[in-house]
Every structure is written in structure tokens, then in C-alpha cells.
There are 2 protein chains.
Amino acid sequence: MQALSVKVATNLSSDLKAATPDRQKGIDRVIDLLEGLLRLRAPAKPGDLARLIGAPRSTTYEIVNRLVTAELLDYVGNDGRVYFGRSMQLFGAAFADVNTVYRRAVAAMTALAAETQVTAQVCALRGSKYVVLDSRSGAALHRITSDVGVEVPIPWTASGRLLLGHMTAEAIRAFVPDEDFRLPDGRLLNREDFIADVMTCTAQGWCETTGLADHFTRCFAAPIRDTDGLCRMTLCLVAPVDTAPDQHAIFLARLRAAAAQLSLQEPSFP
Amino acid sequence: MQALSVKVATNLSSDLKAATPDRQKGIDRVIDLLEGLLRLRAPAKPGDLARLIGAPRSTTYEIVNRLVTAELLDYVGNDGRVYFGRSMQLFGAAFADVNTVYRRAVAAMTALAAETQVTAQVCALRGSKYVVLDSRSGAALHRITSDVGVEVPIPWTASGRLLLGHMTAEAIRAFVPDEDFRLPDGRLLNREDFIADVMTCTAQGWCETTGLADHFTRCFAAPIRDTDGLCRMTLCLVAPVDTAPDQHAIFLARLRAAAAQLSLQEPSFP
DNA sequence: AACGTTTGTCCAGTATATCAGACAAAAAAT
DNA sequence: ATTTTTTGTCTGATATACTGGACAAACGTT
């Protein structure tokens, strides 16, 4: 699902940009800083990071210098900016390598994108939002990642109707913020309709939506189930909204087959 | 370059497994824990992580719980084990997406692997060691990542003779630990010969080595230069040692062309 | 069933890390 | 050239985080 200009919120320990008289733990500052860089998606100078996360400059300089020493951040350019470093690439690669289901999901996503010539994605929950973990465009087998990492309200997405499938109606009401039911175009989704969708889609094992996050795409999602039956990731196809209906049926069939194949696997981790 | 059973060392703030009476900063514990998990390359329980990094159990439980809340770690399985979480996948993806040269290097690596049918890799320095950042096997275009993230002594590698090209002889002597000149098979490389190699390979713009880390592979490396002329990454091919010499020449030519193409690019970051 | 070991959380003490603000140097503005 | 603003580091105070060890529950062994 391709997200447009989305306002995101994560489980930060402190509100970004809000000056806080209270002292924060260094670990919380580190997490805020990394989350802030993820949101920014561009290198930044330590002073700018201090402002971004509302931390004292001396604290921020100390943390940045420590993370640079550990190569979680690298300096880039010649003007003091920092960005995610090689250690982050390696931690991410380690995540992908050891998680067998994830590794297979990425392979399936790549194959689906090549076969269908539309965008294929692997998606999951992050905090109380939906996020694309990885993405492939059918047109060219290099990574198109404009959506990867961008947190999107769950009700805007096909995957969201599968990722909450293990929750009770009450739990869903508590989990999804009220404001997330308002679509980018201003329409307000009915929460109870959404909950009904979650139940229906979970039962049928797939979901198809049109024109939620934007008016131009049709999204197909199928659950990747763990051995405990929970859907922690989904496999998705994102097609132009005017794709022929017979193509829809083909996309959905291929997607469900690929996701089912993944769900039959051994546990995600050895 | 494919590494065998390699003993690794990183810039840890405290020696792993060494109980330390001195109090550590929480941030240092976090970094030790992430480095330890990267080395372990498997999920682990918090108690085991405490032993691995020599931290008090109460401190480790607190840090693990905080990192799980932020999804830098995820619980896996049903027995309390944790491993790198979705946030790490996203930080790593953000690293790869925004670093233009890196993204192009991965595309070039993938193309080279398909074309040559041998393993292609993108490599860099990490601390005072060499590391594979990403890898593709020619035989199947899915990620073979047994070497990704494993730190290897620099003198064992073709890339190492390019990655140190910006250093003086004196700086190299200070940078590479003496023990790293001993190969896995017991042979001791001459440090001054190594330094001469660095100068020669840097000048000629490529390096080819055989039977350093192991006896079965021939490694070709070419520098990916930043706009400041420094070689911060290399592009490599790893071929069986008995590959025909005319194949060698073809591999090297293709490799150098691809790396040169990358080095002509705009700066790594906007 | 009884006993021993390990786990995960809790608690109080104290060493120290976080912070506001100072400061000099560098950069930007006039 | 001068003045103003920003940067990056430094310092001392004190609130607190890290720790060892205690504890109950869970698990493993006999």
C-alpha cells in the first residue's frame, strides 16, 4: 500500500519538539533519536537532532558521539551531519537473515513483483500503526522504498484488516486511535464497519481494498501466519486502480498461494 | 571474501563475559547487547544475554524490556528469547535507501552476481576489521548472507588492501592489530608486505587475492570511491580458486567497470 | 513429593549521568 | 571589519539509574 503524506506517531518516551524539564534516561534519548532519524529520512546535524527530539544539546552531542563510535551512526558529508551507520545495516541484515519466514517472504515478494509487474510488499504492525518492511516494484527489480518505514494508520490499509485478526473487538477499539479512522481525503471510516471487516477478512484469508490511502491504487493482502496461527506479517500487491478485473483475480490467487506457502513453514526462528 | 570460523573483536566499551565491578552507562550496555546479538546471530533469552555481555541481570532485563517496547528487539518463539526487531529492519532499510552510492552498489552487486554466476559482495571497514555489508550468490538470486556481518581481520581480504588506501604506513601499523596478520591456516603475513600491497592495489585500483581466509576461493575487489576520493566501500567477486584464468580477466574487467561507474556518482547523501 | 536451581522482578544505596548554563571558537549576518 | 548567532565542548549540582543481592515463582532434578 503506497502511503501519501502521512502524519506518524510512535511510542516515544517523550514528545518530539516538546521541551521537557524532566530528566530522561540516556537509553530513551537514544531511541528517540533513532526514531527521529527514521522519520526524517535524511542526515542531520547533532544540533538539529537535539531540536528534533527536544533534548539538551550537550546530552545530544554526547549520545551522537557515542553512537558514531559504535557505528550505529556514521558521519556523512563534510558538514557534521550523521545518519544511520553500517551497524544498522548489519543489524537489519541479521534480522532478515535469521528470521526464516521473513527471508522467504522477501523472496516470495520479489518473485511476485516480477511475475505480476506490480508493486509487492511485506508489511507488519509497528506500535499501533501499519508499516511496510520491504517493497519491490514490478517494473524494475531494484528496491523502491519510498513507503518502507513510513507508519500509516491501520484502517487505511488492506493489511491492517488481517494484522488485527487475532484481537477481540474490544481490543481493537482500545488499540487503534480514533483519529486514525479519518482518511487522507477527509472521509471518516466507521469503526464498527472496520472491525467487521477485520473479522470477515481474517476468516476468508485475504483482503482487497480500493482508494483508502489514495484514490489510485487497489491493494490486495494475504496473511503470513506463524506456527501459533497469528498473522504478524502480510504479503501484499499494490496495483493501479484501473487494473482489469480478471487481472485482479489472478493477482489475488497468486498472492494467496504465495502467502499460504509461507504460512506452512517451520517457525520463524530456529 | 568468504570467512571461515573467525574470532572477532569490536570496539566494545567492556569486555564481553568479563564481569566488571565498575558501573556501566546504560547506553554502553545497549550497544554491547546489540553487538553481542550480532555476533551470536541467534535469538537469546535475557539471562543468557546478561551472561554474554557480563551485565547484571536486573540491568539486562530492564534494557531488553525497553528495547522490546521500542521494537528494536522482538520476542521470538514462546520461551522468552529475543532477537533484532522490526525497527532494526527499518533502520537498516533507511540506511540503504538514503545512501545513494550504497543503493547503487547493491544493484551493481546483484547484476554482477547474475552475470558472472559467482558470489558478489559489498564490503566496508567496521572498527578495525573488515565486514561484508551485503552479498549475492550467482547461483540463486536470493540472499546468501552467511558472511554478512561477520568481522574479519583486514589482512585476510582483498578489500582490505583497498579500504586502507587513504592511510599512511604509520597509520596502518597503528590501526591493524598485530595478531590479525596470522592467517587461519597459521601462516604469518609480513606486515610491511601487506602495507606495500595496500599502496600497490590502491594505485592500480583493484586487488586480487587467493587462499588467504581459506584455500578455496579467489577474491577480486575494486574500490567504490566517494567524492572525496576515499574508498569507504568495495565491490567484490568471490570465485572458486580453480576458475579458469581467462574467466579471471573477465571478472576483473566487469568488476572494475561496475565499481568505477559507482565512483563517478554524486555524493553518497543528498 | 521434596529439593535444588534458575528466572524475573523488586529494593535501597550510592556513584554518576543528565542537565542548564557558561564559554571560546566558528560561522553567519550586517 | 565588526557584530551577532550558532556550534561544540565543558563544568558542577543533584536527581536518579545502575547495581548487588533478596525474594517468590517457575522449572528442573532426584
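By convention in this document, chain letters (A, B, ...) are assigned in the order of the sequence lines, proteins followed by strands, and residues within each chain are numbered from 1.
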Residue-phosphate contact under 4.0 Å: A/Tyr61 side-chain N/O, D/dT9 OP1/OP2: no
Short side-chain N/O contact from A/Arg51 to OP1 or OP2 of D/dT7, under 4.0 Å: yes
Any donor-acceptor N/O pair under 3.5 Å between D/dG20 base and B/Arg57 side chain: no
Whole angstrom value for the distance that separates P of D/dC18 from CZ of B/Arg66: 12 Å
Touch class at under 4.0 angstrom, heavy-atom based, for A/Lys25 against every strand present: sugar-phosphate
Under 4.0 angstrom between B/Asn65 side-chain N/O and C/dT9 OP1 or OP2: yes
Side-chain N or O of B/Arg29 closer than 4.0 Å to phosphate OP1/OP2 of D/dT19: yes
A/Asp180 backbone acceptor or donor facing A/Trp156 side chain under 3.5 Å: yes
Rounded distance (Å) that lies between atom P of D/dT7 and atom OH of A/Tyr75: 14 Å
Aromatic centroids of A/Phe95 and B/Tyr83 separated by under 6.0 Å: no
Below 4.0 Å: OP1/OP2 of D/dT19 and any side-chain N or O of B/Ser58: no
B/Leu133, B/Leu262, B/Asp134 screened by side chain to side chain contact (heavy atoms under 4.5 Å, CB included) with B/Met109, the one that passes: B/Asp134
Atom-pair distance (CG on B/Asp79; P on D/dG28), nearest Å: 11 Å
Gap between atoms CD1 and P, on B/Ile63 and D/dT19 respectively (whole Å): 7 Å
D/dC18 OP1/OP2 closer than 4.0 Å to side-chain N/O of B/Thr59: no
5' priority, DNA chain D, between B/Glu62 and A/Asp48 [closest heavy atom]: A/Asp48
Sugar-phosphate only, base, or nothing, as touched by B/Gly47 at under 4.0 Å among non-hydrogen atoms: nothing
Check ion pair B/Glu35-B/Arg126 (N to O, under 4.0 angstrom): yes
